[in-house]
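What follows is a single structure, written as structure tokens, with notes after it.
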Amino acid sequence: MYDVRSMRADDFIDDSEIRDTLAYAQENKGNRELIKSIIEKAGECKGLSHREASLLLACEDEELNGEIYSLAKKIKQRIYGNRIVFFAPLYLSNYCINSCVYCPYHVKNKHICRKKLTQDEVREETIALQDMGHKRLALESGEDPVNNPLEYILECIKTIYSIKHKNGEIRRVNVNIAATTVENYKRLKDAGIGTYILFQETYNRKNYEELHPAGPKHDYAYHTEAMDRAMQGGIDDVGLGVLFGLDTYAYELCGLLMHAEHLEAVFGVGPHTISVPRICPADDIDVNEFSNAVPDEVWQKIVAIIRIAVPYTGMIVSTRESEKNRKAALELGISQISGGSSTSVGGYAHQEAPEDNTAQFDRSDTRTLDEVSDWLIRMGYIPSFCTACYREGRTGDRFMPLAKSGAIQNCCQPNALMTLKEYLMDYASPETREHGEKLIEKELENIPNEKVKRITIENLHKIEQGERDFRF
Ligand code: SF4
Ligand code: SF4
């Protein structure tokens, strides 16, 4: 029985509620007046229910869909402005005892090379990432209590935060590891993690159980209730996502929004981020075996609808997506991207020989961080390496009101300019630096508060003199 406040996965992601919602969306998809009223409501920037969002997703009217896209762009601009935050995934270990059929790290894959970074190798990877200019990481690891116990992950986090190479430092470590206990989430919190990220993969219980035939991840309820335990453990920034393509996209979007509504109803804090990965080719994985593959235009509409349904959430896209798709998604709602990523264990410090392939998926966007930065700048976006909120204690219920009102922009914009300046001074190619300096000059004019503008200008000068790490 559907109950948004229940702590049982089958209640807050109730299958009948999703099916009723999808039926409602099909019945009403020709009701222009109703759809128009939902778009109008979304324009107030207060979000939409899973029912309203599902109806917009089902809408086939070109004109109304055009209105949905324009609104998504408007909301994106209002809340996030034109800064795009960078992060990089860091793969610690691909040992895994689970059997996810869409992932090459599944336990039965005997020909993929298995690897786990030693602390020396973590150090090498961190330095390689710092030398690119990264400040924010997302740690990735398979689930294996023998090879990658929580103690190992905690040790890696400690190592990463301890390394200061030249002007480089990792200022925020987000973590994407298997569902665990409240006690373990507390330990992750104490280790200073930023966001805890866990993709649901699919919200359809039956499908979920088939796609995860063995291993601890088979337990749908334990996995689906993980964010509740993370919140109970004190982690108030959590990141949701599904792997689009495993079930129908309409089912997944509805489940995802119900999950966000549940977190907000129970903890007063919705998801800090939502990721929108799609199934993509990898070792031992043939995408053609997944009949629910999501076409580009539908994927872009999903991005737009999440943007208007959950305006306060950061939205993330990885290098799974091509340059072309990333460009479209940036306009429609994405606020965080990865750049220059390696999806292999140890792939930043050392190029892998093909026979030692440890990659989790094939990247579509293989450009360097510098190339992606310059690309963003040329499109008028501000590449940002900001990690200020977490370090200023603006997390969870201290962050949400600022994101909901759009007031966070007053911090994002100057922080983006100052962290971009650091990047230009320390890591950028001459061409990117030239373009970036011009962008900073121009964007300084767009800081509305005179005091903030003055402090930003002073800090930019200090960065030129060699000082680092300013933030609002
Ligand atoms: Fe293991 Fe995660 Fe891959 Fe599943 S998706 S096989 S849990 S690494
Ligand atoms: Fe993100 Fe906060 Fe920095 Fe804005 S100020 S970019 S929300 S960390």
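All ligand and atom numbering here is 1-based and tracks the order in the structure. Just so you know, residue 1 is the first one in the sequence shown, and it goes up from there.
- Ring-centre distance between His259 and Phe12: below the 6.0 Å cut-off.
- The tally of protein N/O/S atoms under 2.8 Å from atom 2 (Fe) of ligand 2 stands at 1.
- Phe290 has its ring centre no less than 6.0 Å from the ring centre of Tyr102.
- For Lys327, the NZ atom sits in a loose shell: 12 or fewer heavy atoms of surrounding residues, nucleotides or ligands are nearer than 6.0 Å.
- The protein atom (non-hydrogen) at minimum distance from atom 3 (Fe) of ligand 1 is Cys103 SG, 2.3 Å.
- The contact set between ligand 2 and Val85, taken as ligand atoms under 4.0 Å from a residue heavy atom, comprises 6 (S).
- Every atom of ligand 1 is numbered from 1 in the order shown, and the set under 4.0 Å from a heavy atom of Cys96 is 1 (Fe), 6 (S), 7 (S), 8 (S).
- Residue contact check: Lys217 has heavy atoms under 4.0 Å from atoms 4 (Fe), 5 (S), 7 (S) of ligand 1.
- Every side chain to side chain contact (heavy atoms under 4.5 Å, CB included) that Glu392 has, sequence neighbours left out, goes to Arg394, Arg471.
- With hydrogens and angles left out, the side-chain atoms of Tyr423 and Asp370 include a donor and acceptor closer than 3.5 Å.
- By the 6.0 Å contact criterion, CD on Glu151 is enclosed, its count of non-hydrogen atoms from other residues, nucleotides or ligands being greater than 12.
- Cation-pi geometry between Arg171 and Tyr390 is not met at under 6.0 angstrom from the ring centre and within 45 degrees of the axis.
- Here the two rings, on Tyr249 and Phe244, have centers that are 6.0 Å apart or farther.
- Remark: ligand 1 atoms within the under-4.0 Å shell around heavy atoms of His106 are 6 (S).
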For residues 453-462, which side-chain donor-acceptor pairs fall under 3.5 Å, sequence neighbours excluded?
| residue | atom | partner | partner atom | Å |
| --- | --- | --- | --- | --- |
| Arg454 | NH1 | Glu458 | OE2 | 3.3 |
| Thr456 | OG1 | Val452 | O | 2.6 |

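- Of all atoms in ligand 1, numbered sequentially from 1 with element shown, those under 4.0 Å from a heavy atom of Tyr105 are 3 (Fe), 6 (S), 8 (S).
- The environment of Glu209 atom CD is dense: over 12 non-hydrogen atoms of other residues, nucleotides or ligands sit within 6.0 angstrom.
- Counting atoms of ligand 1 from 1 in the listed order, those under 4.0 Å from a heavy atom of Gly142 are 8 (S).
- Counting only residues at least two apart or on different chains, no salt bridge (Lys or Arg N to Asp or Glu O under 4.0 Å) pair has a member in residues 90-112.
- The Cys100 neighbourhood of ligand 1 comprises atoms 4 (Fe), 5 (S), 6 (S), 7 (S), with distances under 4.0 Å to a heavy atom of that residue.
- Close contacts of ligand 2 with Arg136, meaning ligand atoms under 4.0 Å from a residue heavy atom, involve 8 (S).
- Between Arg83 and ligand 2 there is a heavy-atom distance shorter than 4.0 Å.
- Taking a cut-off of under 4.0 Å to the non-hydrogen atoms of Asn98, the atoms of ligand 1 that pass are 7 (S).
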